[in-house]
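See below for the structure under consideration.
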Amino acid sequence: KNEVEQSPQNLTAQEGEFITINCSYSVGISALHWLQQHPGGGIVSLFMLSSGKKKHGRLIATINIQEKHSSLHITASHPRDSAVYICAVRFLNTDKLIFGTGTRLQVFP
Amino acid sequence: ETGVTQSPTHLIKTRGQQVTLRCSSQSGHNTVSWYQQALGQGPQFIFQYYREEENGRGNFPPRFSGLQFPNYSSELNVNALELDDSALYLCASSAGLGQVRGYTFGSGTRLTVV
C-alpha cells in the first residue's frame, strides 16, 4: 500500500527557531513535493525532489531515497511561516500524488 | 505565464443537488488533476485528465465525473451531493505524463453541502 506519513502533526515555535518537519513513505517514488497551504486553502509548491537537497531562502529540503525519508527545514522561523506544510509523493508507475495529512506550524513573535 | 484558476471560490449547495467546478490550467500544461481535501486532512486524488482523456481515478464513486476541454481547462461534476462531499476541491496542472515534473495548484473551491 502506498502511504505517506508526516510528523509532527502540529508544531509551535518562537520566532527565530529552527524547524524540522519529517515525511516518510512506504515504497519507491519518482518525486517528492513539499507544499505550503495557507488558511485560505491555496497551495504553493515549495520544492520538488528526487534526490539530495534543495535550498530556497530560509527553506531547505532533503531526501534520503534509501531510507524513504524527507525533511523540510526552516531556519530563523518567522510568524509569516505559519501555515500547513504538506508532503506529497508520486510513487513509481503512477501519475497521481499521494499526500500526507500535513503539519500545522504556528510561529509566535 | 498565468497560474491555475479555479471557480467559484466558495459554493453552498443542498444535499441531492449537482455541482460543477471549473479549473483553468497553467499555460503550457496539458494535464489536470483534481483532489478533494476534507477539513484537517490531506488532499485525496479524485482523477486526472491528460489531453482530454481520463488518465487514472482514485477511490471516488461514479457521481464524481470530469471533463477536459481542448484548451486543457477542466471541470469536475458531482451529482447527488451528500453532506460528506463538503470539502476543499483542488485542481493542479502539470506538463505531460511519465516525467518528474512540477505541479501548479489552484486556490481551490470550498464546497459546503447543507
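Each chain gets a letter, A, B and so on, in the order its sequence line appears, and its residues count up from 1.
- Test A/Ile98, A/Ile29, A/Leu97 against A/Arg90 for side-chain contact (heavy atoms from CB on, under 4.5 Å) and you get one pass: A/Leu97.
- Between B/Phe45 and the options B/Tyr89, B/Trp34, B/Tyr35, B/Phe60, a ring-ring contact (aromatic ring centres under 6.0 Å, His included) holds for only B/Tyr35.
- A side chain to side chain donor-acceptor pair (under 3.5 Å) with B/Asp85 is found for exactly one of B/Arg15, B/Arg63, B/Gln36, B/Lys13, namely B/Arg63.
- Heavy atoms of B/Gln37 lying under 4.5 Å from chain A belong exclusively to its side chain.
- Both the backbone and the side chain of A/Ile43 come within contact range of chain B, judged by heavy atoms closer than 4.5 Å.
- Chain B forms the most heavy-atom pairs under 4.5 Å with one residue out of A/Gln37, A/Gln9, A/Gln6, and that residue is A/Gln37.
- Between B/Tyr103 atom OH and B/Cys91 atom SG the span is 12.5 Å, to the nearest 0.5 Å.
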